[in-house]
Amino acid sequence: MTGFYSRKREVAESGMRRSARHGVRVLADIQLNDRAALLHQQDTLTQFGELALRSDDLDEILIEACRLVGEGLHTELAKVMQMQADGATLLVRAGVGWKPGVVGQMTIKVVDGTSEGYALKSGEPMVSPDIATETRFRYPPFLIENGVRAVANVAIIGSQGRQPFGLLQVDSREPRQFTSENISFLRSYANLLAAAVDRLRVIGEVRDAEAELRMALEAGELGSWKLDLASGQVSHTARAMQIFGYADPTQAWNYDIFLTRVLPEDRERVDAIFRTAVNTGAEWSFECRIYRVDDGALCWIEAKGKFGGGRMGQPPTHGIGILADITARKAAEEDLRHTNEVLEARVVDRTHDLTEANALLRAAAKENERVEDALRQSHKMEAVGQLTGGLAHDFNNMLAAISGSLEMIRMRAAQGRTADLDRYVETALASTNRATALTHRLLAFSRRQTLDPKTADLNTLIAGMTDLYRRTVGPSIQIETELADGLWPTLCDPNQLDNALLNLVINARDAMPDGGHLLIRTANADLNGVRATPGDGFPDPVSGGEYVTVTVDDTGTGMVPEVLGRAFDPFFTTKPLGQGTGLGLSMTHGFVQQSGGQVYLRSAPGQGTTVSIYLPRYLGAMDEAAQAATMAGTPARSSGSVVLLVEDEAPLRMIIVDVLSDLGFTVLEAGDGRSGLRIVESGVRIDLMVTDVGLPGGMNGRQLADVAQQRRPDLKVLFITGYAEGAMVGKSLLDRGMQVMTKPFAVEAFAARVQGMVVH
């Protein structure tokens, strides 16, 4: 038994020794294979490194990189994916082993959840041994279509400050564990590829810069040169030699030859500048004259350069610079200098002539000014003559009718024939009204008339005047009105607006002697933002704001530009002497401007005329009490009320006292402001004060009214005025309890106004 077990142990030990020897041989074989793989990979890297340094063709480098990396890692597939300009898309730029339609066409988005996005964002290699069981990433369909099972990729880094060039990726159609040595090899390969890409980029930038430099030199007709200080030899461009007159651009050239071409008078200066620059390394430039080689012509050149190359405080080794032919520029400068000298001489000669001419011009200007003053005065006198001629004719007719009617009344009354006195009274009143209207026109164009502004509805006003318009124009002219809905109210003197519109209607009638069509329309208008000028139909610059407009359109003869340009001038008229004073449009313009509005006029021969009145929109409530106070009709008698009348014109004061007495008022009289104030301060009862505006004695009617209302806050005041100074009442809104009437006025209208103010 002992021998059996001994043999058995020997057999076992012998088997173990054989197994150990076999294991050593297997391990040795594996180590030999690994060393062979490493050597093969190193050889592959060496081959690619040589290609990357030798080739300037990026496509060739990328394709060869894919081929060699596939061989080095024994994979069927490899590719280089290049990052596109958007920084989010990879293009398969090069590859081996892929089906058609992949290389140069297929793109991959760099997003989270992809192996490509992981490798680029983390900067670390990415390995998937089997994508069929991979749960970290999703893969593009073209990988599956090409049978890919295992993937390993690394980033191809960019140079400093640049994004990665892309990814280097190897793919296997079989599941595979890529070792750390495989990944190191792949990473080294990607780094070599990155260096090759960056080298080509730098080469391209240098070539581009050199091309741009050549283009710039050629565009500026500049030559360039480089001087080797050790040998004294100069390399140069063809243009540099052309400037010196050499036909052969390969002509040998050095600094000493250059100096021989410089004009002797400039040579010492040029050499001093050059040698100082060599010693200091500073930039330098100079201009000098040279003799050309080919024809001996004298030319001007400009040279600029800089020396450098010396290290650690050593002298410079070379210099570079540019050269330009400035002969034409120097010639132009000389011509300019000569021209300036000639001009200076001419200026000296002309200064004396101009001094004398200026003296003559000043004398002529004074004479022209005198003539223009005389001409303006002549025009004024002509206008005044035209005005006074028309006014004298009209006023004489009116005065004749008034005085004749009064004489007939006196004669018939003396004879006891009172039956037909009414017609003489009516004639005198009609002439008085005509004189009143003419006076208002004169005050309106001068913008000094007294206005009694009230809130007004233009639609109501025009509707009430339409019958009068029709009677005025006659049956041959058709009148039509277009009154806008929702028309804004305005604040103006209704009576003056009536007069202005009636005047426009009369002008339209006179422009349509054979009949026609007249349109009166109203509207709301917003002129905010309008930048019209007088040439656009407004005689004055337009003020922005909200306005109510009334427009009169006719189909008449229209106006030629010369007449249109003077239509608003006072005294200007195209009618014969005695048939118009030329105050119509001037009156309208003055009234509208005094009311804060504007006037628009457009006309052309054969196209009729359009006149628009713009009055400011009134944002307050309608003044019904003021409107009611102006209603016509003789009021009932009043008893017990006391009126203080302040009027310096005795005859008029007498008539007003009689009117008020007939109405049942007790009347207190004063002939000036001081007398009226004494009555106010006496404490006597006063229900209404009627006062003229223009009073003698140093206190006018407005001043009297202001003081009286301070003493008696509830005192009502009615201003009566027939003079231009009365306009001061209407410069702003009247205070509460104040109204105004313009002389001359109808007795019935005056009585109604007084009765209305006392009652209300």
Side-chain angles (χ1 to χ4, degrees), residues 29-31 33-45 47-48 62-83 89-157 164-194:
D29 291 341
I30 291 174
Q31 290 175 344
N33 289 336
D34 288 344
R35 284 197 295 271
L38 289 174
L39 290 173
H40 178 64
Q41 290 175 359
Q42 290 175 0
D43 183 60
T44 300
L45 288 173
Q47 291 181 51
F48 180 70
L62 296 180
I63 293 172
E64 191 65 11
C66 293
R67 186 185 68 80
L68 291 174
V69 79
E71 289 182 0
L73 292 178
H74 304 291
T75 61
E76 305 91 335
L77 303 168
K79 61 180 178 291
V80 172
M81 293 179 286
Q82 181 180 359
M83 181 66 72
T89 304
L90 290 169
L91 169 68
V92 180
R93 174 72 181 269
V96 292
W98 299 95
K99 294 179 180 180
V102 174
V103 177
Q105 300 180 37
M106 196 60 64
T107 60
I108 299 173
K109 285 293 182 180
V110 180
V111 295
D112 292 339
T114 64
S115 63
E116 294 80 12
Y118 172 82
L120 287 171
K121 290 182 179 180
S122 68
E124 296 297 326
M126 190 291 305
V127 178
S128 289
D130 187 351
I131 65 175
T133 61
E134 179 66 73
T135 59
R136 296 173 299 167
F137 310 114
R138 58 181 180 273
Y139 292 89
F142 80 89
L143 290 183
I144 309 302
E145 293 170 0
N146 281 266
V148 174
R149 291 294 300 275
V151 173
N153 57 33
V154 295
I156 304 172
I157 62 175
F165 177 79
L167 288 176
L168 174 62
Q169 181 169 308
V170 292
D171 306 89
S172 173
R173 290 193 173 96
E174 299 292 336
R176 174 174 174 176
Q177 290 288 347
F178 289 95
T179 66
S180 59
E181 289 81 4
N182 294 155
I183 299 304
S184 295
F185 168 72
L186 191 61
R187 206 165 191 170
S188 300
Y189 219 98
N191 290 338
L192 277 177
L193 189 54

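Computed from a predicted structure; not experimentally measured.
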Inter-residue atom distance K79.NZ - L168.CG, 0.5 Å rounding: 9.5 Å
Is the shortest heavy-atom distance from the side chain of [X] to the side chain of [Y] under 4.5 Å?
X	Y	answer
E145	V102	no
T114	I108	no
F165	L193	no
M126	V151	yes
Y139	S128	yes
I144	I131	yes
E76	S172	yes

Set of residues satisfying side-chain hydrogen bond (donor to acceptor under 3.5 Å, both in side chains) with respect to Q169, sequence neighbours excluded: N153, D171
Residue pairs, two or more places apart or on separate chains, that pass salt bridge (Lys or Arg N to Asp or Glu O under 4.0 Å) and touch residues 91-108: D59-R93
[X] versus [Y], closest heavy-atom pair with distance:
X	Y	result
A94	V103	CA-CG1, 3.9 Å
V110	T89	CG2-N, 4.5 Å
M83	L120	CE-CD1, 3.5 Å
A119	A155	O-CB, 4.3 Å
V69	A78	CG1-CB, 3.8 Å
D130	P175	OD2-CG, 3.8 Å

Pair S188, N191: side-chain N/O donor-acceptor within cut-off below 3.5 Å: no
Worked check of side chain to side chain contact (heavy atoms under 4.5 Å, CB included) between Y189 and I156: CA-CA 9 Å; Y189 219 98; I156 304 172; over 6 Å; no
N146 side chain vs V148 backbone, donor-acceptor pair below 3.5 Å: no
Polar side-chain atom of S122 near backbone of Y118 as donor-acceptor pair, under 3.5 Å: yes
Full working for side chain to side chain contact (heavy atoms under 4.5 Å, CB included) between L186 and F178: CA-CA 10 Å; L186 191 61; F178 289 95; over 6 Å; no
Check against side chain to side chain contact (heavy atoms under 4.5 Å, CB included), L73 and R176: CA-CA 11 Å; L73 292 178; R176 174 174 174 176; 4.1 Å; yes
